[in-house]
There are 2 protein chains.
Amino acid sequence: MLTVMNPQPGLRERKKQRTRETIASAAQELFAERGYHATTLPDIAEAADVSTRTIFAYFPSKEDILFAKFSVMKEALAQALAERPEGKDALETVREFILASHETEKSELDMRVHRIVESDETLRNHLRARLAQLEELIAAAIAEDLDAPEKDLRPQVVAASLIAAFNVMSERGGDAKPHSGDEVTALIDPVMTFLRGGLDALKEPSTTRRS
Amino acid sequence: MLTVMNPQPGLRERKKQRTRETIASAAQELFAERGYHATTLPDIAEAADVSTRTIFAYFPSKEDILFAKFSVMKEALAQALAERPEGKDALETVREFILASHETEKSELDMRVHRIVESDETLRNHLRARLAQLEELIAAAIAEDLDAPEKDLRPQVVAASLIAAFNVMSERGGDAKPHSGDEVTALIDPVMTFLRGGLDALKEPSTTRRS
DNA sequence: TCGCAAACTTGCACGCGATGCAGAGAGGCT
DNA sequence: AGCCTCTCTGCATCGCGTGCAAGTTTGCGA
């Protein structure tokens, strides 16, 4: 059988990864064509040439097929936050992470997924839930920056606001966008200003303004 | 038959409302006892003494049984925002709305629902989705305050942040909550300071229609 | 009072997503 | 080759949700 040599991962492992990719792209193709809800798991199974049951060996649910790359992004962000140098705070790290993401990940496929998600209420909510997972990540990093005690809610609030703002940007700002770098900057920077302004306002408890 | 006179709504309508209430409370009882996911619709149907099919005549989905009162809250907020006097801006209106809610809605049942929701990841996400519905409401009101053009993302961002902060408060701030009024104030006011501080930081245009 | 029409309830059948299980199949190792 | 393990697959089953078409109740006017 002339088995080719295995570079690093097991030969078996690579096949799995390839199948995973086949399922994901076949599914996303169908989602784009006929809509998410109109695409059934048997449809995907047929298109990917596997059995329906097998799909669940690769993805825990139908939505996870659509959001497959999200977990990758999450880990990348976690790493970026963990490795950030002394001088850079969490907010700046996130800002740069977003800018970098929009430069590299502008693949056709990502935009297609984006359109699919934005076109459906249910999926937008699922995205929200996924983004919420990033909150604790960011909140923890901000808490470090601030030397905040466990009970301090400020990091949570700032992180939640950042995610919320990012979500708004994604929904309203990116309808059908190639997103040049400058455009993204123009969207993000006001958000950062907003967050830092809010944070500053919380540092001086003297400003207890009432209406 | 000496039919009693009907106060205002049709006699029929009142019965419907009563059935609705029966289903909701029976369901929430079961949710609290054995958990949300462990409770099936047939379980609820039996407890409420209706057929499974009938439940769907009253609630579009299982989650809607749990979040039944949410839509009421949403409309109340919409009204509060619509009727707010000249001097009071949207943020202050929301603040007072929250304070008022926590005074009146401290019923045992609400707290039980709160615990059910907070104890389950899926339900927390559903709550997020519901809260997101309030965003556009609040964003529209803030946009009025600011005389902001359609394209301006600031109202969206501020509203999203407010909702996000409220959600954080709800999750971390209210583990087991009788919530005296002062406690709630102590939680909300920093959030308001944060939002106003952020908003101020974004103001370089002269449109300073202040509250 | 009676009877009809509308509204409400229910059962039935079905589709879809998801899970457990067990047998068939292929891959990898000695 | 022989064996062991991991993967794939079909089958059965459950739970949520929906359409449909009967059955039952309610309201209302003749």
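For A:Asp43, the side-chain hydrogen bond (donor to acceptor under 3.5 Å, both in side chains) partners two or more places apart in sequence, or in a different chain, are A:Arg34, A:Thr40. With sequence neighbours excluded, the residues satisfying ring-ring contact (aromatic ring centres under 6.0 Å, His included) with B:Phe31 are B:Tyr36. Considering only residues two or more places apart in sequence or on other chains, A:Ser51 meets the side-chain hydrogen bond (donor to acceptor under 3.5 Å, both in side chains) condition with A:Thr54. The side-chain hydrogen bond (donor to acceptor under 3.5 Å, both in side chains) test applied to B:Glu46 returns no partner, not counting sequence neighbours. With sequence neighbours excluded, no residue satisfies ring-ring contact (aromatic ring centres under 6.0 Å, His included) with B:Phe70. Partners of A:Arg124 under the salt bridge (Lys or Arg N to Asp or Glu O under 4.0 Å) rule, at least two apart in sequence or in another chain, are A:Glu121.
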Show me the side-chain donor-acceptor pairs of residues 130-142 of chain A shorter than 3.5 Å, one per line, residues at least two apart or across chains.
residue	atom	partner	partner atom	Å
A:Arg130	NH1	A:Asp64	OD1	3.4
A:Arg130	NH2	A:Asp64	OD1	3.3
A:Glu135	OE2	B:Arg128	NH1	3.2

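In this structure, B:Lys62 atom NZ and D:dG15 atom C1' are separated by 8 Å, rounded to whole Å. At whole-Å resolution of the value, CD1 in A:Ile55 and C1' in C:dG20 are 18 Å apart. Whole-Å rounding puts the B:Lys15 NZ to D:dG27 P distance at 8 Å. Going from atom CZ of B:Phe56 over to atom P of D:dC20 covers 17 Å, rounded to whole Å. Atoms CZ (A:Arg20) and P (D:dC6) sit 19 Å apart, rounded to a whole Å. Rounded to whole Å, the distance from CD on B:Glu63 to C1' on D:dG17 is 11 Å. To the nearest angstrom, P of D:dG15 lies 15 Å from CD1 of B:Ile65. In this structure, A:Arg14 places its CZ atom 17 Å from C1' of C:dA26, rounding to the nearest Å.
Residues from residues 23-30 of chain B that place a heavy atom under 4.0 Å from any atom of DNA chain C: there are none. In the region residues 35-47 of chain B, proximity to DNA chain C at under 4.0 angstrom, judged on heavy atoms, holds for none of the residues.
Of the options B:Val157, B:Leu153, B:Leu202, a side-chain contact (heavy atoms from CB on, under 4.5 Å) to A:Pro190 is made by B:Leu202 and by none of the others.
Taking the side chain as every heavy atom from C-beta outward, A:Glu144 and A:Arg84 approach each other to under 4.5 Å.
Within the structure, salt bridge (Lys or Arg N to Asp or Glu O under 4.0 Å) pairs that include any residue of residues 149-159 of chain A comprise A:Asp152-A:Arg154 (at least two apart or interchain). The side chain to side chain donor-acceptor pair (under 3.5 Å) pairs that include a residue from residues 19-32 of chain A number zero, where partners must be two or more places apart or lie in different chains.
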Dump every N/O contact between nucleotides 8-11 of chain D and the protein below 3.5 Å, one line per pair.
residue	atom	partner	partner atom	Å
D:dC8	OP1	A:Tyr58	OH	2.7
D:dC8	OP2	A:Tyr58	OH	3.3
D:dT9	OP2	A:Ser51	N	3.0
D:dT9	OP2	A:Thr54	OG1	2.7
D:dG10	O6	A:Arg53	NE	3.4

